[in-house]
Amino acid sequence: MNTNDRYLHRIAADIDQHGMAAVESDVSMIVDSARRAHIRPIAVSVLADRTEPEIARARAFGLVVSQLRRSVDHAPARIPAAAAL
């Protein structure tokens, strides 16, 4: 498990134990990342909307995070500039 996975697992555990309010700053960063990665706009919108029911936001968190992880897993490998020479 890498650092990003541990970070996301910690956020999920905090949501479970303390609710969405406890992780709003983390959620904002995830929403920004998801928007840049063109993750499902409806799920991202629900996750970002603090007026949505908490259960809907928690489910959206799961969808968004799983899509983000898939996009990272399928991202093209980057060749370091020094190796390309």
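Every value quoted in this text rests on a predicted model; they were computed, and no experiment measured them.
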Does Val46 belong to the same Ile/Leu/Val/Met/Phe/Trp/Tyr cluster as Val23, with side-chain heavy atoms less than 4.5 Å apart forming each link? no
Does Ile39 belong to the same Ile/Leu/Val/Met/Phe/Trp/Tyr cluster as Ile11, with side-chain heavy atoms less than 4.5 Å apart forming each link? yes
Stepwise salt bridge (charged side-chain N to carboxylate O under 4.0 Å, His left out) check, Asp32 with Arg36: CA-CA 6 Å; Asp32 290 342; Arg36 283 192 304 274; 5.1 Å; no
Flag side-chain contact, heavy atom, 4.5 Å: Arg57 against Arg50: yes
Do you know which two heavy atoms are closest between [X] and [Y], and how far apart they sit?
X     : Y     : result
Leu8  : Phe61 : O-CZ, 4.1 Å
Ala37 : Leu68 : CB-CD2, 4.0 Å
Ala60 : Ala43 : CB-O, 3.4 Å
Val64 : Ala34 : CG1-CB, 3.6 Å

Could you go through the side-chain contact (heavy atoms from CB on, under 4.5 Å) check for Leu63 and Arg59 one step at a time? CA-CA 6 Å; Leu63 288 170; Arg59 288 179 179 164; 5.7 Å; no
Using atom types as modelled and distance alone, determine if a side-chain donor or acceptor of Gln67 lies under 3.5 Å from a backbone N or O of Arg40. no
State the CG-CE distance between Leu47 and Met20, to the nearest 0.5 angstrom. 5.0 Å
Say you draw a straight line from CG of Asn4 to NE2 of His9; how long is it, rounded to the nearest 0.5 Å? 11.0 Å
Pair Arg69-Ser66, side-chain donor/acceptor within less than 3.5 Å: no
